[in-house]
There are 2 protein chains.
Amino acid sequence: MSASIEDVARAASVSVATVSRALRGLPNVAPSTRARVLAAASELRYVADPHASRLAARRSLTVGLALPMIGTWYHAKLFSGVEAVVAATGYDVLPFTMTGTGGVDRFLEDLPFRKRVDGLVVVDAPLHPDQLGRLVGAGVALVTLGLRCEQAPSITLDNRAAARLAVSHLTGLGHRRIAIIGGVPDDPFRFSAPVDRHRGYVDALSAAGITPDPALAVPGNFSLEGGAEAMQRLLGASDPPTAVFACSDEMAIGAMQVARDAGLRVPGDLSMVGFDDHDVSAYLGLTTIRQDVTGQGERAAQLLLGLLAPTGGGGAVTVHEVAPTRLLVRHTTGPPPHPTDQFD
Amino acid sequence: MSASIEDVARAASVSVATVSRALRGLPNVAPSTRARVLAAASELRYVADPHASRLAARRSLTVGLALPMIGTWYHAKLFSGVEAVVAATGYDVLPFTMTGTGGVDRFLEDLPFRKRVDGLVVVDAPLHPDQLGRLVGAGVALVTLGLRCEQAPSITLDNRAAARLAVSHLTGLGHRRIAIIGGVPDDPFRFSAPVDRHRGYVDALSAAGITPDPALAVPGNFSLEGGAEAMQRLLGASDPPTAVFACSDEMAIGAMQVARDAGLRVPGDLSMVGFDDHDVSAYLGLTTIRQDVTGQGERAAQLLLGLLAPTGGGGAVTVHEVAPTRLLVRHTTGPPPHPTDQFD
DNA sequence: GGGGTTGATGAAAGCGTTTTCATCCGTTAG
DNA sequence: CTAACGGATGAAAACGCTTTCATCAACCCC
């Protein structure tokens, strides 16, 4: 079918060993020989069979990308970033989605993975630190994104500070009844972002002398629908909020729509701040916490490839990076309806 | 390091051939033997090395997913669909993004691909039918998505009919000056969707006795920004439209924002219909043409796996499926500002 | 009972690379 | 002039599977 290394060797009148060396740019090949081999290879349109070479070299030249799902804005952006830098280096990327709760176990049981990938970017780490530790112990190069674990480099956000910033913006505008739309109620993963964001929310309230009202903290599932349902619940409360901090822009968008359908003006009657800076947020004028998701994906890939590089694995200390976030004030936040009423 | 097939063979006191057969569920293995092998394998936590097995079996057990990019809503959804069904069958999916114009050539030159994947889902086919034909000729199982090519099964939309439907909705409401926000001006790919949608647009106008005004057809690049810029241009025209058909929801969203910023009410002063039914569209009340992108991805994967299945490759006639679309009337379309004026 | 089946098994030949190790030869140092 | 050296090369042994082919026993039907 297609040319093998032997065909090239024959065409260039050298041994397969020399072809292998010449083609991979290894030293100790005479320049004239290398040229001859290169010519023969391109003449025959030879490309090394990846499986054969990976078997022989005992490296898969593949990095796995494990994430809870793909198809959401956040994960797609992340994927995009990772893929871009990984592909540029000749590695393959093997996506692995662990949808649902069983997915995580599947992931761990799928030890084929261990033989398939040289390294792994684990996103939103729906894994126990122990489990991650086991992976590291098993010799898989690992970078985590969204959760910090001591054994491996990570990229995270200062979620608490970011949330504090968002909510302070709200208190600064005079809001006293501020709701938070957060993660999933019965967290099947111990995903820390929603927890940390909730802490930042509490921080900011406390700083403004406000006691958090449990009725104002509702789960939103990080989805449009979840945000909408959450808002529904908030509006049904006896004393509805004048402002909402949604832990993702998608939830914010869903929530805003419900609010507007209920006749509330945003920001006139209700202020809304989101988290992410989703592509559409700029067009909706959503005030939000901006983060560069694609950039984080790229960075994670770079870290991983660094680990994989012949030189990198050794002495380097595992680095924990905190990606920057900032508050983007647009047009969905403003003073509460009757600010003075709240202060008497 | 980790157990090999020989270890299992030894542990079960059989030959490696028998282990291979037993583990893969091949016939002609005594039940008792199979049980013994299974036990030994699970005891040793044995998993076949994928590279070795792929090399020996001469199948990569991988399907490639070639798309112009990842990170947009549309492509992420597609990916999600493909990945879900492919992963369920034990195949790997290898994403290949051909960003930019050079990407396509890279894709074609990357014949490693041919040795790496058993089949390919090509999305939005930024390839010449000739090039696709060559791929098919080279023995790669192929399914195209978004463009139809005779040599391979495909999943497409009836873009023309869908656009006709969208624009008819507008003419039906009484609009006469209807703009279209379409694809990229100097189409580096000969991507047919925008072209067909434009045809449908013209169809609908003609049916209503309207002569298309070239000034009302502007490119939008299928992005939020592009949609915004397009709207900018439309508003600057001497005789602005009262309705806009955007070839994607993202463009519609960008355009709507610009329109609203310019003081226009939607749908009071301007009607807007999009295409896709993006996740957020429901929450924005955007009237649009709905398509099930994830479903199309799933279907494409099924077709491809069917081709790959031992039985499937042979006699089956290549099928061209047309995924359904329908008009979803929400709240961004209404009669033109002064309908009667238009009919004098 | 004997020849033909049939099913279970193992030996061994690939699959297409990489990599080790030995060889060969032209240089350089002594 | 010889010995040691180092760079270029090839032979061959992995790498860890799959698959063909041969073997062997048990079985079946006149």
Side-chain angles (χ1 to χ4, degrees), chain A residues 1-38 40-41 44-62 90 92 111-116 118 310, chain B residues 1-38 40-41 44-62 90 92 111-118 139 310:
Chain A
M1 174 76 53
S2 77
S4 87
I5 197 173
E6 282 197 68
D7 301 325
V8 179
R10 209 171 304 122
S13 319
V14 293
S15 70
V16 296
T18 300
V19 174
S20 177
R21 281 188 288 253
L23 256 28
R24 285 179 305 145
L26 297 182
N28 294 353
V29 176
S32 63
T33 308
R34 192 185 303 268
R36 204 147 31 91
V37 170
L38 253 32
L44 294 169
R45 307 181 78 67
Y46 168 75
V47 181
D49 179 305
H51 298 303
S53 101
R54 289 165 190 197
L55 173 58
R58 266 163 294 202
R59 317 189 317 133
S60 67
L61 284 184
T62 300
D92 286 341
L111 291 186
F113 224 80
R114 269 172 48 188
K115 292 186 178 175
R116 279 195 221 165
D118 298 329
Chain B
M1 173 76 53
S2 75
S4 85
I5 196 174
E6 283 198 68
D7 301 326
V8 179
R10 209 170 305 123
S13 320
V14 294
S15 70
V16 296
T18 301
V19 174
S20 177
R21 281 188 287 253
L23 256 27
R24 286 180 305 147
L26 264 35
N28 294 354
V29 176
S32 64
T33 309
R34 193 186 302 271
R36 201 145 34 90
V37 171
L38 254 30
L44 294 170
R45 306 180 78 66
Y46 167 76
V47 181
D49 178 306
H51 299 304
S53 99
R54 289 163 190 199
L55 174 59
R58 268 165 297 208
R59 316 188 319 132
S60 67
L61 283 184
T62 300
D92 286 341
L111 292 187
F113 222 79
R114 268 171 49 186
K115 292 188 176 173
R116 278 195 224 164
V117 304
D118 297 331

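Since we're looking at a predicted model, the values are computed, not measured. What you see below is based on every heavy atom in this structure, not just the backbone, and it leaves out hydrogens, waters and symmetry mates. Lettering of chains follows the sequences in order, A, B, ..., and the numbering in each one begins at 1.
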Practice item. Please state how far atom CZ in A:Arg54 lies from atom P in C:dT19, giving the value in whole angstrom units. Key: 14 Å
Check your understanding: In whole angstrom, what separates B:Asp49's CG from D:dA14's C1'?
Key -> 14 Å
Check your understanding: Any side-chain N or O of B:Ser4 under 4.0 Å from OP1/OP2 of D:dG16?
Key -> no
**Study point:** N/O donor-acceptor pair under 3.5 Å between B:Thr62 side chain and B:Ser60 backbone
**Key:** yes
Revision key, fill the gap. In short, A:Ala9 meets A:Val19 closest at the heavy-atom pair CA-CG2, 3.5 Å
Review point. Are any of A:Arg58's side-chain N or O atoms less than 4.0 Å away from OP1 or OP2 of D:dA14?
Key: no
Study note, to complete from the structure: In this structure, CG of B:Asp92 is separated from CG of B:Asp118 (nearest 0.5 Å) by 10.5 Å
Study note, to complete from the structure: Exactly one candidate in A:Lys115, A:His51, A:Arg116, A:Arg58 meets side-chain contact (heavy atoms from CB on, under 4.5 Å) with B:Asp49; the answer is A:Lys115
Check your understanding: So, is B:Ser53 near the phosphate of D:dG16, with a side-chain N or O under 4.0 Å from OP1 or OP2?
Key -> no
Study note, to complete from the structure: In terms of heavy-atom contacts, B:Val14 and B:Val37 come closest through CG2-CG2, 4.0 Å
Review point. Atom NZ of A:Lys115 and atom C1' of D:dC15: how far apart are they, to the nearest Å?
Key: 12 Å
**Study point:** Between D:dA14 (C1') and A:His51 (NE2): distance, integer Å
**Key:** 19 Å
Exercise for review: Using whole Å, report how far CD1 of B:Ile5 lies from C1' of C:dA11.
Suggested key: 14 Å
Study note, to complete from the structure: Whole-Å distance, B:Arg116 CZ to C:dG16 C1', equals 16 Å
Output one line per pair: protein atom, nucleotide atom from nucleotides 8-10 of chain D, and distance, for all N/O pairs under 3.5 Å.
| residue | atom | partner | partner atom | Å |
| --- | --- | --- | --- | --- |
| D:dA8 | OP2 | A:Asn28 | OD1 | 3.3 |
| D:dT9 | OP1 | A:Thr33 | OG1 | 2.5 |
| D:dT9 | OP2 | A:Ala30 | N | 3.0 |
| D:dT9 | OP2 | A:Thr33 | OG1 | 3.2 |
| D:dG10 | OP2 | A:Ser15 | N | 2.8 |
| D:dG10 | OP2 | A:Ser15 | OG | 3.2 |
| D:dG10 | OP2 | A:Thr18 | OG1 | 2.9 |
| D:dG10 | N7 | A:Arg21 | NH2 | 3.0 |
| D:dG10 | O6 | A:Arg21 | NH1 | 3.3 |

Check your understanding: Within the side chain of A:Arg34, is there an N or O that forms a donor-acceptor pair under 3.5 Å with the backbone of A:Leu26?
Key -> yes
Check your understanding: What integer distance in Å separates A:Leu55:CG from D:dA14:P?
Key -> 14 Å
Revision key, fill the gap. Considering only heavy side-chain atoms of A:Ser20, the closest of D:dG16, D:dT19, C:dT18 is C:dT18
Exercise for review: Please check the phosphate of D:dC15 (OP1 and OP2 only) for any side-chain N or O of A:Arg59 closer than 4.0 Å.
Suggested key: no
Practice item. Would you kindly give the CD-to-P distance between A:Glu6 and C:dG14, to the nearest whole Å? Key: 12 Å
**Study point:** side chain to side chain donor-acceptor pair (under 3.5 Å) contacts in which one or both residues fall within residues 14-23 of chain B, not counting sequence neighbours
**Key:** B:Ser15-B:Thr18, B:Ser20-B:Arg24
